[in-house]
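Accompanying notes for the structure given below.
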Amino acid sequence: MNSTTSALFEAELRTQVASAEAGLLESLTADDPILIESARGHLDGLLDLAQRNGLHIETTMPAEPAIEQPAVIDTPVILT
């Protein structure tokens, strides 16, 4: 890849990562686990693409955002 193409690719990838981060933040406020997983997957894919092309792009998002899991019921259920 020539330097101009490489610079354009990096700029576009940085823009896409910023948008994906914003999408992930928005999905966290929606509190929808499927939406969060999708947004996280999209961001991870972009970061992987950058890494495979020799680019190091920092993200402000934690590696795995905390997703609240449903409460576990410890009380045994007796069926009669």
Side-chain angles (χ1 to χ4, degrees):
M1 211 179 326
N2 68 39
S3 63
T4 303
T5 304
S6 180
L8 289 172
F9 175 76
E10 183 175 357
E12 179 61 26
L13 200 53
R14 288 185 185 282
T15 301
Q16 291 292 321
V17 166
S19 294
E21 287 177 329
L24 180 54
L25 282 173
E26 188 173 331
S27 71
L28 290 169
T29 61
D31 199 31
D32 180 351
I34 294 173
L35 186 60
I36 294 169
E37 185 177 334
S38 175
R40 167 52 66 189
H42 181 63
L43 177 59
D44 288 346
L46 290 170
L47 294 172
D48 183 54
L49 177 63
Q51 184 179 15
R52 285 184 282 133
N53 284 280
L55 301 173
H56 180 72
I57 297 179
E58 292 289 325
T59 181
T60 59
M61 300 302 301
E64 288 295 325
I67 299 173
E68 187 175 318
Q69 298 297 321
V72 176
I73 300 172
D74 291 332
T75 309
V77 177
I78 300 172
L79 299 174
T80 57

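Values below: every heavy atom of this structure, side chains too, minus hydrogens, waters and symmetry copies. Since the model is a prediction, treat every value here as computed from it, not as a measurement.
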* Structure fact -> Taken in chain and number order and not counting sequence neighbours, the residues that satisfy side-chain contact (heavy atoms from CB on, under 4.5 Å) with T4 are N2, L8
* Of all the heavy-atom pairs spanning E21 and E58, show the shortest one and how long it is. => OE2-O, 4.3 Å
* Asked: Do you know which two heavy atoms are closest between L35 and A30, and how far apart they sit?
  -> CD2-CB, 4.2 Å
* **Contact summary for H56 and R14, nearest pair of heavy atoms** => O-NH2, 3.7 Å
* Asked: Pick one: which of N53, L55, L47 meets side chain to side chain contact (heavy atoms under 4.5 Å, CB included) with L13?
  -> L55
* To do: Taking all heavy atoms of L46 and all of Q16, pick out the closest pair and write down the distance.
  => CD1-O, 3.6 Å
* **Test item: R52 and L49 side chains (from C-beta on) under 4.5 Å apart, heavy atoms** => yes
* Asked: Under 3.5 Å, side chain of S19 to main-chain N/O of T15, donor-acceptor pair present?
  -> yes
* Between D48 and Q51, is any pair of side-chain heavy atoms under 4.5 Å apart? -> yes
* **Residues in salt bridge (Lys or Arg N to Asp or Glu O under 4.0 Å) contact with E26, at least two apart in sequence or another chain** => none
* **Distance (rounded to the nearest 0.5 Å) between E10 CD and S6 OG** => 6.5 Å
